[in-house]
There are 2 protein chains.
Amino acid sequence: MRRPTIADIARRAGVSQAAVSFALNGRPGVSEATRERILAAADALGWQPNTAARSLSAAAAGAVGLAVARPARTLGVEPFFMQLISGIQAELSERGHALLLDLVEDVHAEAAVHRRWWAERRVDGVLLVDLRTGDPRPEVLREIGMPAVLAGGPDPTGAVPGVWVDDARAMTAVVEHLHGLGHERLAHVSGPPGMAHSAHRAEAFAAAAGTGAARAATDFSDAEGAVATRGLLRRRPRPTAIVYDNDVMAVAGLSAARQAGLSVPGDLSVVAWEDSALCRLTHPTLTALSRDAFRFGAAAAARLLDLVRHGPGGAAVGDTEFELPELVVRESTAPPRPNGG
Amino acid sequence: MRRPTIADIARRAGVSQAAVSFALNGRPGVSEATRERILAAADALGWQPNTAARSLSAAAAGAVGLAVARPARTLGVEPFFMQLISGIQAELSERGHALLLDLVEDVHAEAAVHRRWWAERRVDGVLLVDLRTGDPRPEVLREIGMPAVLAGGPDPTGAVPGVWVDDARAMTAVVEHLHGLGHERLAHVSGPPGMAHSAHRAEAFAAAAGTGAARAATDFSDAEGAVATRGLLRRRPRPTAIVYDNDVMAVAGLSAARQAGLSVPGDLSVVAWEDSALCRLTHPTLTALSRDAFRFGAAAAARLLDLVRHGPGGAAVGDTEFELPELVVRESTAPPRPNGG
DNA sequence: GCGGGTTTATGAACCGGTTCAGCGACTTCC
DNA sequence: GGAAGTCGCTGAACCGGTTCATAAACCCGC
């Protein structure tokens with residue numbers, strides 16, 4: 001039951017502990033024959049390194065952290081997050097690192113968690129999501145000197161490198177799709193203006209959609225998505241197409257439109273920013289922007305591990321751009337009715 | 001930038017390292033005056049214990065693990081999981097523990113992760129979800145002697161204590177609700193028969209629903225939920241009410257019924273096992289079994305920490321029952337049409 | 001056969017905490 | 001006043017790895 005240590009291996013193989021350490025870590029200093037004898041002994045004993053001991057001398061935790069500041073209510077509904085975490089996880093475990101997860105109230109609590117993790121040496125670095133405007137986190141991370149990567153960057157302050165998607169370009173593509181169908185009065189149901197990527201999208205929308213464009217901000221929840229939709233549909237002239245910043249709100253918007261007596265896509269076209277099973281469950285199915293959250297998470301994790309391993313001057317420098325999301329056209333977008341509005 | 005150690009505190013307070021350790025851990029051996037001087041020094045330096053060092057001597061990792069073996073595709077869509085994790089997290093962080101998360105392929109990979117975590121001393125215990133029939137995990141955990149708690153037990157082998165919900169009683173309540181409305185031909189769209197809780201529910205359903213009962217098994221995904229629904233609706237006589245084992249399949253079933261030309265709840269009543277925003281987004285809204293996944297997770301985590309702290313003979317022994325889910329009646333259940341079928 | 005260099009292996013220090021035996025100083029009690 | 005006990009604190013070992021200075025063994029050419 002007692003877990004074997006290198007001392008056990010050393011005794012079994014008849015060598016010193018130092019030799020065992022060299023052998024197990026593939027460093028020079030032991031002959032090939034001895035190395036094999038040691039590896040065989042380690043294998044026979046089922047030895048695994050004690051992470052605490054290794055961390056202590058190596059001054060590396062072998063783990064990275066992800067603290068998420070979103071209400072659990074919102075988090076749970078968005079498939080995006082689990083996919084993201086799954087991708088992060090896959091990359092990390094392949095490279096022998098563990099993932100520490102923390103769900104907290106807000107970005108200040110998150111920064112506090114980062115400080116604690118760092119002080120306790122629990123993690124070698126952290127991943128950031130949901131950058132806010134005036135976000136305290138990048139500054140805190142720079143201050144304590146902890147490696148960090150922003151998933152969904154770039155960080156305008158430049159304190160933290162990011163793996164990012166060009167939301168502006170994606171938004172332009174969505175607007176072009178709608179324009180191409182003949183829509184002229186577009187609306188955007190966005191996330192909180194305090195979220196950086198939300199603000200980016202809103203700007204890009206305003207720039208691409210032209211003068212008739214309307215906008216409503218929400219907290220990403222289905223409830224506010226419905227309220228925003230009702231508000232937009234009361235406008236005269238009424239928008240003929242709405243772009244939602246996530247899948248959940250798009251579904252809520254669909255219900256709201258139906259309750260207002262409008263048909264989709266006859267009276268109103270709908271686009272969701274994030275694709276998921278949800279978008280295929282509705283009737284009509286939703287046109288959506290699809291990105292590979294799994295690979296996105298993996299890319300961010302890979303970037304972070306490089307940073308941890310090689311320091312800021314490592315393999316990649318600055319921000320890394322991730323592929324554009326793909327617009328998957330389904331039933332919820334169609335040309336507007338000639339008499340619409 | 002260098003993180004302070006107890007040696008720094010000792011130097012600053014003019015005492016030995018041992019005294020510092022005693023003072024910081026609230027143990028006897030230092031006078032009140034000295035203790036305060038030490039705490040002040042620690043505070044001034046912003047000291048936090050190095051978890052690696054502490055783990056090494058205390059032989060405790062200060063973390064617990066959760067490895068989940070579900071396809072990310074399914075995981076992401078179920079709000080239940082994030083709520084559960086959120087609750088686990090809340091309890092853990094309150095008691096100074098971190099959460100290690102791993103998403104893996106299947107229960108065998110999960111058992112392998114448990115072994116590795118234990119050998120590496122990364123965690124003090126693990127939480128189990130989704131017990132399968134013939135699940136290898138309890139046996140592995142008993143073998144290596146790692147504290148574990150099953151969220152969603154009880155474990156029939158008795159190797160791992162569980163925090164559990166009486167699914168059988170809940171299912172009976174659902175069936176009674178439907179019977180009370182006048183339904184006689186009920187159907188159940190269940191999860192994989194290999195999942196223990198799924199099997200329990202199916203048994204309870206069969207016992208309560210009587211002879212006319214039909215059943216279809218799925219993998220919990222929206223796709224199979226739709227297929228199962230179409231199959232059930234082709235039966236003659238047709239069922240007038242369907243109970244789905246999760247929210248996602250219930251929504252998918254709703255679409256499938258509509259496509260088959262049936263109205264809900266006119267021609268078909270629908271009940272979802274798990275409540276979520278999803279159930280309120282649909283049209284009609286879904287009658288659902290609602291349980292507090294957050295508190296459920298917290299309860300499981302609390303049970304595990306007790307086990308870790310006090311051993312198997314600790315505060316609680318055996319399985320702990322969690323409150324029954326509540327049936328939230330919404331628009332999707334109603335009396336069957338007299339001429340239905 | 002001997003000096004110089006390389007390979008292979010070892011002992012001991014170190015990472016940052018925890019813990020325990022031991023030792024003065026002080027109190028208590030007879 | 002001296003034995004016994006308590007209090008407050010220290011020195012050192014220990015957890016399980018990594019690492020470095022050092023030494024023994026071996027190889028080479030001259």
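Note on naming: letters A, B, ... go to the chains in the order of the sequence lines (proteins, then strands), and numbering restarts at 1 for each one.
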Can you check whether B/Leu128 reaches B/Val149 side chain to side chain, under 4.5 Å on heavy atoms?
no
So, is A/Arg27 close to the D/dT19 phosphate, meaning a side-chain N or O under 4.0 Å from OP1 or OP2?
yes
B/Trp164 side chain reached by B/His197 side chain, heavy atoms, under 4.5 Å:
no
A/Leu24 CG to D/dG16 C1': how many Å, rounded?
12 Å
N or O in side chain of A/Arg54 less than 4.0 angstrom from D/dT18 OP1/OP2:
yes
Between D/dC9 and B/Ser31, is there an OP1 or OP2 to side-chain N/O distance shorter than 4.0 Å?
yes
For C/dG16 and B/Trp47 - does any side-chain N or O of the residue sit under 4.0 Å from the phosphate oxygens OP1/OP2?
no
Specify the separation, in whole Å, of atom CD of B/Gln17 and atom P of C/dC14.
13 Å
Test A/Leu304 against every option in A/Leu150, A/Val163, A/Leu127 by the side-chain contact (heavy atoms from CB on, under 4.5 Å) rule and name the one that passes.
A/Leu127
From the list C/dG16, C/dT10, D/dG17, which nucleotide is the closest neighbour of the side chain of A/Leu56?
C/dG16
Are any of A/Ser57's side-chain N or O atoms less than 4.0 Å away from OP1 or OP2 of D/dG17?
no
Spacing between A/Arg37 atom CZ and C/dA9 atom P, to the nearest angstrom:
8 Å
Under 4.0 Å between any heavy atoms, over every strand shown, what does A/Val15 touch: base, sugar-phosphate, or nothing? Just pick one.
sugar-phosphate
Between D/dA12, C/dA9, C/dT18, which nucleotide gets closest to the side-chain atoms of B/Ala18?
D/dA12
Using OP1 and OP2 only, check whether a side-chain N or O of A/Ser16 sits under 4.0 Å from C/dA9.
no
For the pair made of CZ in A/Phe22 and C1' in C/dT8, what is the distance, rounded to whole Å?
10 Å
From CD of B/Glu120 over to C1' of D/dG17, roughly how many Å is that when rounded to an integer?
13 Å
Taking the side chain of B/Asn50 as heavy atoms from C-beta outward, which of C/dG17, D/dT19, C/dC20 is closest to it?
C/dG17
Specify the separation, in whole Å, of atom CZ of A/Arg121 and atom P of C/dC15.
11 Å
Side-chain N or O of A/Thr5 closer than 4.0 Å to phosphate OP1/OP2 of D/dC15:
no
Heavy-atom side-chain proximity of B/His97 to B/Asp124 below 4.5 angstrom
yes
Closest to the side chain of A/Thr34, out of D/dG8, C/dA9, C/dT19, is C/dA9
Rounded to whole angstrom units, what separation is found between the CG atom of B/Leu45 and the P atom of C/dG17?
11 Å
Distance check needed: D/dT10 C1' versus B/Ile6 CD1, whole Å only.
13 Å
Can I get a per-line list of side-chain donor-acceptor pairs under 3.5 Å for residues 44-54 of chain B, giving both atom names and the distance, sequence neighbours left out?
| residue | atom | partner | partner atom | Å |
| --- | --- | --- | --- | --- |
| B/Asn50 | OD1 | B/Ala52 | N | 2.8 |
| B/Asn50 | OD1 | B/Ala53 | N | 3.2 |
| B/Thr51 | OG1 | A/Glu120 | O | 2.7 |

